[in-house]
Amino acid sequence: MWRDLFCRPLLAALLGQIIFLSACAATQPREFISEKPTKGYEDLVVGFAQIGAESAWRTANTASIKGAAEQLGVELKFSDAQQKQENQIKAIRSFIAQQVDVIGISPVVETGWLDVFQEAKDAGIPIILVDRRADVPDDFYVAYIGSDFEEEGRRAGAIMVDLLHGQGDIVELVGTVNSAPANGRYSGFRAIIGAYPEMKVIASRSGDFTLAKGKEVMEELLQGYGPGIDAIYAHNDDMAIGAIRAIEAYGLKPGQDIKIVSVDAARPAFEAMIDGKLNATVECNPLLGPRFFEVALKVANGEPVPRWIKSEESVFFPAEAAAILPTRKY
Ligand code: GYE
C-alpha cells in the first residue's frame, strides 16, 4: 500500500521528466547545440589595411587601432599602404590567404574595390569599413564605422558664411581626390554656401591631405590670386597648417588677412587657433580602435551590428582653444 502511494507519483514524475527532456532536445535551436564556441578578443585574428601616415589624424587613428588591439589581446595584422590603393588591395589578399576572422579597411579612394571585396566575400571573411567608405554594394561589407563627411562640409560652410558675412573669394584645399572625406566635404560645403551668390570658390585644388602639399598648392595659389583671396577652406588641419606657412612666407597674416577653416580638430589646429592663425576647425574623430574591435568581435560571432556607427563630433573656435587643448586626445 505505502509502496503504491510512494512509487506511483515518483514514476510519473520520472516519466514526465524524460518526455520533457526529449522534447527539449528535439526543439533545441541548432546554434545552441553547435560545437562552435563563442570567440573572445584573445581568439580574434584581424587584418587592418591602413592608408598610410599622411596626417596627424591618421597617426592618431593608427595609434588607436594598434593600442586597442594590444589592450584587448586581439591578434592584429596591420598593413600601411603608403597612400597606394594597390598596396591596400595586396594587403587584403594577404589577409585572405592568412584566413583572418575579419578585415578592417580605410579605403584610400572610393572606387575600385569590387574585385578584391568579392574575393573576401568568397572566402567568407567579413569586411568592416573604418573611417572611409567604399563605393560597393551594401552586401560587400558588414558595417561602416566613421564620420558624416557631408555634415562636416556643411558645418565648415556655415562657419565660412559667418566669417565672411556671406561675401568673399574662397580657395579650397581638397583632400585626396576621389576619397570619401574629400567628396563629402566638397559637396557639403557647397550645399551651404550655394545659397550665398556673393560667396565664390575661385580655386579648388588637391593637397592630398598632407602639410607639404597644402603648402605647395597654397604657394601657387598665392602667386595666382595674391591678396585677392579672402578665405581658405582646407579639408584637413595639416593642409591648413601648410597654407598658414605659405601665407606667412608671402607676407600676409593667416587668420586675419585670409580667414581659414579646416577639418579634423587635431592638436596642431588648437595651437594654430591659440596663435590666431586659424579661425575654426570642424571635428572628425580618429579614435575608432576600441569600437572597431567591438564590432569585429560581434561579427566574428555572427551577431548583428548596425550598418553605420557614426562618430559624434563638434566644432571649435579660437576663443575656447587654450582651455580645450589640454583635454584633446589627438
Ligand atoms: O580628415 C585627414 C586624413 O579619412 C577622415 O584622412 C579621414 C581623413 C582626415 O588624412 O586628415
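In this chain, numbering begins with 1 at the start of the sequence shown. Model, not experiment: these values are computed from the prediction. Order of appearance sets the numbers: ligands from 1, and atoms from 1 within every ligand.
- In this structure, Q50 contributes its side chain and S106 its backbone to no donor-acceptor pair below 3.5 Å.
- Every pair passing side-chain hydrogen bond (donor to acceptor under 3.5 Å, both in side chains) that includes a residue from residues 319-330 is listed here, sequence neighbours excluded: E283-R328, R328-Y330.
- If you look at ligand 1, the protein residues with a non-hydrogen atom under 4.0 Å away are E54, S55, W57, R58, D131, R132, F149, P181, R185, F209, N236, D264, C284.
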Run the side-chain donor-acceptor check on residues 223-230: report pairs under 3.5 Å with partners two or more places apart or on a different chain.
unit_1 : atom_1 : unit_2 : atom_2 : d
Y225   : OH     : I202   : O      : 3.2
D230   : OD2    : D169   : N      : 2.7

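- With ring centers used as reference points, F189 lies under 6.0 Å from Y233.
- Ring to ring, F149 and Y186 are not that close: their centroids are 6.0 angstrom or more apart.
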Acceptor/donor pairs from residues 63-74 side chains to any protein atom, 3.5 angstrom cut, sequence neighbours excluded:
unit_1 : atom_1 : unit_2 : atom_2 : d
S64    : OG     : L288   : N      : 3.4
S64    : OG     : G289   : N      : 2.8

